[in-house]
Structure formats: structure tokens, C-alpha cells
Amino acid sequence: MSGGPQTSRRGLLGLAAGVVGAVAAGRAAIAEDPPPAALPAVPEDATRVLGGGVTPRSDRSPFESPAVSPTGHVSGTAFSPLQDFTGTITPTDVQFQRHHGGIAQIDPTRYKLLLHGLVERPLTFTLAELKRFPHVTRAHFLECAGNGRKAYREPTPELTPQFIDGQLSNVEWTGVPLGQLLAEAGLKPAARWLLVEGGDASVLMRSLPIEKALDDCLIAFASNGEALRPAHGYPVRLVVPGWEANISIKWLRRIEAVESPAMAKDETVRYTDALPGDLARQFSFVMDTKSIITSPSHPMQLTPGMWTISGLAWTGRGRITKVEVSTDGGASLGLRPSSSAPSLPRRRRGLCCLGAGTAPPPP
Amino acid sequence: MISTLFLALLLGCGVDAPAPTAPTASAPTAAAKAPRTYAPVGLGSPATAEEIAAWDLDVSPSGEGLPAGSGTVSQGQALYAAQCMACHGVKGEGGVGPKLIGPDDAKTGFGDDPKIPKTMANWWPYATTAYDYIRRAMPQHAPGSLTPDQTYALTAYLLAENRVVGADFVADAKSLPAVKMPTTVKFVPDDRGSSTVVR
């Protein structure tokens, strides 16, 4: 199952780009970035100064500032700083964001989810009602369908992991299985698809096959232990594990059971894959296996000695069972990560594994 | 260039994949297994006809969901200049928003050249999708503000500028589903079925 052909081209590019950056920097000492001048002074010796009092929310150290980029737009992508992360869970506030009509502001007390169409009982649910259902908590990655496109089309050594594959996040979701809501309304046998639609300014709509809806989709109202943030669909979003994230509708407001897909803009004009021979793949939902080395990566500078290689591997097609690292351009694989991906058994189609390994630095 | 450097590391990933299912037009699935069944627990309120009508926005390729009303190409031209041009360009060439008008763009070779713009002249498979999308999301700064007549007129204008229909075209619930789009692309169901390619 391992080996060159199965390795993501995008992952490889990312990988190569990162390492090229590292080497281009030569043997210069790793720059211990001096803290920017604006940072508050810290005591010379923290054992001799009484620390600060507790605040309502604990902020990051002023020396740490992971950030999505770019910001300010209402239609487009903000990439997640993969190189700043360790482990597999993405910090809530720096998940990637992809919007089509800005970030919707929704009053949870007026929130309502409509479920209708080919069902026995068309229903609406308030947020409070949704939370009363039996719910589950599971980690799933979300990845934009276009993740890695820039690195694939226009690879440059200066691309950081953030801009190679940063349309990727992995958080722990809490929500009601979509199958539970469908049982509540009583799905009619003719229902083959669900139209799922957001309550944002783009009223984003996609068509979801019923098999997937009944399999592992969640109506999520929380992530990483707290209410969703507006940027991620507050108060309620759909989570479709392992599939292109465009269908994990944020600010979910309507679900309609239907016989055939809507042929919405984002499943015909966009989010289809042009192929040679004037074919275009449609409803190509599943995200394939990919990986990226997040460290070392551009613009890190390495000195001789021990360095740890770390990165991420993920797939919408099952479970990552093995991660291998090669330091000779792929001629041989085998450097098995020391804290390896398989030791992090996340749910099938829900994983985003860390493969950390050690290797001698490039001479 | 990158590959000539000796140092490319390679991450190989083993995947425990469910057996790929044959792609079908109706419902691609990732795994063939019996879905979990759930029992109703008695939550939720009956949705009223008004609640459904207020939000049931989608228009299907067969025209289901299209409201009463109609619009002409010339009405659409005036509306386009007033409400769309700022973002989509004087001639629909694109700006803040994507290019909308491109009758002279290439009609083949999309798979080899991602830069060929995809417009109603060469790519969109259904005219109804334009009505559906403009009604729900455009103009981007005032979504939901267009009347059915205005939406029909704008759809008619964009179809005519892309030379899909003639200048005398009148868009309504009957004419739109009957429009034959000139797309040269054949849309096919997902045929990957394994993890040897990437998405």
C-alpha cells in the first residue's frame, strides 16, 4: 500500500518545496527569531516576579501568533498555518475558512432548521431541540476541494505548508447524527438525495447522496468542546466526513429530501473536475490520500545535527495505517515514524494523522 | 527542478480503504455497508406550508421551483448595468466576481488548461442553474433582493450575451428548462474508485 505511485503529488510537492527551502538556506544557524519589538517585556527571571491574575479567557503567549491568511475577504479562502501546529487537532480559531458570501451572524434564539421534501413529517428544529437529541463527539478533518491547487499548478520553493495545503483542519465535532433527524421526519423510499442549504448570504446549496447522509454525517453544534464560531457555521453546520468541505454546509438552515440532485452552481459550474478529453467529473466528493511535511519547511534554517521530521497524512477513503518517510528522494522508503500515525486511531474517514519521524538533516 | 535535488523526502501512506464501489450516476458512496438505523425520539415541530414556501428556493433542471413571471434580454441588459457590472465587468469579463460572458472562449481543452474561463457559452450544463443561483446569491452585496421578473431578465441577458439564445428570448418557467446549453463537456460521475489519484 505504500510507495511512489500512491503518494499524493500534492503532498510530494509540498514536501519538496519545504525541503528546498531548508537547503537553500544553507548552513546558517537556525534563526531564533528575536521577538518583534512590539511584544511586551517579560521578566528576566519569572521565579522572582509574581505572575499575572486569571483572566476570563487565557490568551496565547505573546510570543506565539498563529494566524490564518489572507483575511478581510468575503468570498475566498483563508489558509490555516499548518507549520505552527503540533499533534492532530487544529486550534479552533485558526481553522481554515472558505466563504462564498461572508461570515453570517445568526441569533441562536431565532435559529431554526427546516427538514422537508420526501418525508412523512416535515419538521423544524430549534437549536435547543437539536441539543436535546442524543449526540456524539468525533474528530473529522475538513478539507477544501481545491486544497493544494496552488502548489500543484504553480510550485515555488517559497511556499510554506500554510499555502501548500492549509485548506485543511481537523477538529473534534459534537452533533446529532443526520440519520437521527431523518428518522424523526420519516424518510420516504423515493428519497435518494438531500439538498442541504446554508442560511448565509450565498444560501449555499449542495446535493448529498442519501447513503452518505445515513452513514456518518453530523449536524454539529460544537467543535473542540464549545459552540461553533460564526466563521465555522454558528450555531449549526453539517459535517460530511472525508468529503470535499464545500458540502459541509455552514449555518445550515434547510434540508430537503428529493429524488435527484439540484444541479446547483457549486456542483456543475464549480466543484467539478475538468479532465482531458472534455470530460468533467461531477459529484467527486471523496478527498483522496495526501500528506505533507510541515517541519522542516520553508523558511526554516537547519544546522547539522538532529532534527525531527513531522507532518500530516490524511485520507477520506479509510484509515491511515502506515506513514513512511524517505530521505533519498523516494528511492527507498522505510524510515518509520517514531510516534507513528497508526497509534492515533481516529474514526474511519475522520482522521488526520501526525507522522513524526526522525532523520539526519540534509548534509 | 525540484525533483533533481537529492533531498526530496517522501512520505508514503498506507490506506485501509473500504472496497471501492462502482460509481453510479445516482448516488456515489464511499462504503457499501448497511446504514445504522435510528428510532424517532419525538423532537421537532411540524413545519408549516408557509415556513417551507419561504425557504424552498431551489430550481431543478426540469424547471421545478421556477416562479411565475418573465424577463427579456433588454430588460436584463439594463439591470446588469445597474446591479452587476461593478463586480462582473462592463462586458461580463469578470472583476471581483467571475467572468460571466465568454462566447469566444475555447470550448474544448478544459482538462489541459485550467485557465480557460468556464461560462454559460462553454461549460454550464443547465440554464436553470443560473436562475437558481442569481436568485439566491446575487447581487452579492444585496442577495435576495431581485424580483422573479428581474431574475428572469438577468438570466435571459446572460444567456443571450453568451449566444446560447437569441436577442428576442423571453425567460420564464417554460422557456428556461427547454434551453439547450452549448456545453461541449460531458459531465461524468466520479470514476476514481481508488486512492491512486488525488482530489
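Sequence lines set the chain letters: A, B, ... in the order given, protein chains first and strands last, and positions in each chain run from 1.
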Novice: Using non-hydrogen atoms only, which part of B:Asp56 is less than 4.5 Å away from chain A: side chain, backbone, both, or neither?
Specialist: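 For B:Asp56, heavy atoms of backbone and side chain both lie under 4.5 Å from chain A.
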
Novice: Look at B:Asp105 together with B:Lys115 and state whether they make a salt bridge at an N to O cut-off of under 4.0 Å.
Specialist: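 Salt bridge: no.
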
Novice: Highest number of heavy-atom pairs under 4.5 Å with chain B: which of A:Glu129, A:Gln180, A:Glu256?
Specialist: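 Ranked by contacts with chain B, first place is A:Gln180.
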
Novice: Non-hydrogen atoms of chain A under 4.5 Å away: do they reach the side chain of B:Gln140, the backbone, both or neither?
Specialist: side chain

Novice: Would a distance-only check, ignoring hydrogens and angles, find a side-chain to backbone donor-acceptor pair under 3.5 Å from B:Tyr157 to B:Gly71?
Specialist: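 Side chain of B:Tyr157 to backbone of B:Gly71, a donor-acceptor pair under 3.5 Å: no, none is there.
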
Novice: Keeping B:Asn122 on the side-chain end and B:Ala106 on the backbone end, is there a donor-acceptor pair under 3.5 Å?
Specialist: yes

Novice: Specify which of B:Ile52, B:Asp132, B:Asp112 makes the most heavy-atom pairs with chain A at under 4.5 Å.
Specialist: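 If we count pairs closer than 4.5 Å to chain A, B:Ile52 comes out on top.
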
Novice: I'd like to know if the side chain of A:Glu184 reaches the main chain of B:Val41, judged simply by a donor and an acceptor atom lying under 3.5 Å from each other, with no hydrogens or angles considered.
Specialist: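 Yes, the answer is positive, given that a donor and an acceptor are paired below the 3.5 Å cut-off.
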
Novice: What residues of residues 177-187 of chain B sit under 4.5 Å from chain A when only non-hydrogen atoms are counted?
Specialist: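 B:Thr184, B:Val185, B:Lys186, B:Phe187, listed by number.
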
Novice: Nearest heavy-atom pair of B:Asp58 and A:Arg254: which atoms, and what distance?
Specialist: OD1-NH2, 2.7 Å

Novice: Measure distances from A:His100 to the heavy atoms of chain B and classify the residue's part below 4.5 Å as side chain, backbone, both or neither.
Specialist: backbone

Novice: Measuring heavy-atom distances to chain A, does B:Trp55 have an atom under 4.5 Å in its side chain, in its backbone, in both, or in neither?
Specialist: both

Novice: Below 4.5 Å, heavy-atom pairs only: which of B:Ser62, B:Pro61, B:Ala142 has the largest tally toward chain A?
Specialist: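 Maximum pair count with chain A is reached by B:Pro61.
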
Novice: I'd like to know if the side chain of B:Glu93 reaches the main chain of B:Lys91, judged simply by a donor and an acceptor atom lying under 3.5 Å from each other, with no hydrogens or angles considered.
Specialist: yes

Novice: Pick one of side chain, backbone, both or neither for A:Thr124, based on which atoms fall under 4.5 Å of a heavy atom in chain B.
Specialist: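 Both parts, backbone and side chain.
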
Novice: Examine B:Trp124 together with B:Tyr133 and report whether their ring centres are nearer than 6.0 Å.
Specialist: no

Novice: Considering only heavy atoms, which portion of B:Ile116 lies under 4.5 Å from any heavy atom of chain A: side chain, backbone, both, or neither?
Specialist: neither

Novice: Would a distance-only check, ignoring hydrogens and angles, find a side-chain to backbone donor-acceptor pair under 3.5 Å from B:His88 to B:Gly95?
Specialist: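 Between the backbone of B:Gly95 and the side chain of B:His88 there is no qualifying donor-acceptor contact (under 3.5 Å).
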
Novice: Taking A:Val203's backbone N and O only, do any of them form a donor-acceptor pair with B:Arg136's side chain (distance below 3.5 Å, no angle check)?
Specialist: yes

Novice: Non-hydrogen contacts under 4.5 angstrom with chain A: give the residues of residues 42-49 of chain B involved, or none if there are none.
Specialist: B:Gly42, B:Leu43, B:Gly44, B:Ser45, B:Pro46, B:Ala47

Novice: Salt bridge check: are A:Arg281 and B:Asp191 linked by an N-O gap of less than 4.0 Å?
Specialist: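 Yes, charged N to carboxylate O under 4.0 Å.
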
Novice: What part of A:Ala201 lies closer than 4.5 angstrom to a heavy atom of chain B: side chain, backbone, both or neither?
Specialist: both

Novice: If the threshold is 4.0 Å, N to carboxylate O, is there a salt bridge linking A:Arg206 and A:Glu197?
Specialist: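 Salt bridge flag = no for A:Glu197 with A:Arg206.
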
Novice: Counting heavy-atom pairs closer than 4.5 Å to chain B, which one of A:Arg121, A:His73, A:Arg132, A:Lys265 comes out on top?
Specialist: A:Lys265

Novice: At a 4.5 Å cut-off on heavy atoms, which part of A:Leu195 comes close to chain B: side chain, backbone, both, or neither?
Specialist: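 When you check distances to chain B, only side chain atoms of A:Leu195 fall under 4.5 Å.
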
Novice: Give a yes-or-no answer on whether the side chains of B:Thr147 and B:Asp149 include a donor-acceptor pair shorter than 3.5 Å.
Specialist: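 Distance-only check fails for B:Thr147 and B:Asp149.
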
Novice: Find the one option among A:Ser75, A:Pro177, A:Gly101 whose heavy-atom pairs under 4.5 Å with chain B are most numerous.
Specialist: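 The option with the most such pairs is A:Pro177.
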
Novice: Would you call B:Asp172 and B:Lys174 a salt bridge, taking side-chain N to carboxylate O under 4.0 Å as the test?
Specialist: no

Novice: Relative to the ring of A:Phe285, is the ring of A:Trp243 parallel (under 30°), tilted (30 to 60°) or perpendicular (over 60°)?
Specialist: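 Because their plane-to-plane angle is under 30°, the rings of A:Trp243 and A:Phe285 count as parallel.
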
Novice: At a 4.5 Å cut-off on heavy atoms, which part of A:Glu259 comes close to chain B: side chain, backbone, both, or neither?
Specialist: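 Neither part; nothing is under 4.5 Å.
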
Novice: Would you say the side-chain atoms of B:Lys118 pair up with the backbone N or O of B:Pro114, donor to acceptor, closer than 3.5 Å?
Specialist: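 Such a contact is absent between B:Lys118 side chain and B:Pro114 backbone.
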
Novice: Of all of A:Gly179, A:Ser260, A:Gly76, A:Ala262, which one pairs up most often with chain B through heavy atoms under 4.5 Å apart?
Specialist: A:Gly179

Novice: Write down the atom of B:Val59, the atom of B:Arg135, and the distance for their closest heavy-atom approach.
Specialist: CG2-NH2, 3.7 Å

Novice: If you count heavy-atom pairs within less than 4.5 Å of chain B, which of A:Met263, A:Arg253, A:Lys112, A:Arg270 leads?
Specialist: A:Arg253

Novice: Starting from the C-alpha separation in whole Å, work towards a yes-or-no answer on side chain to side chain contact (heavy atoms under 4.5 Å, CB included) for B:Met138 and B:Cys84.
Specialist: CA-CA 8 Å; B:Met138 290 293 135; B:Cys84 321; over 6 Å; no

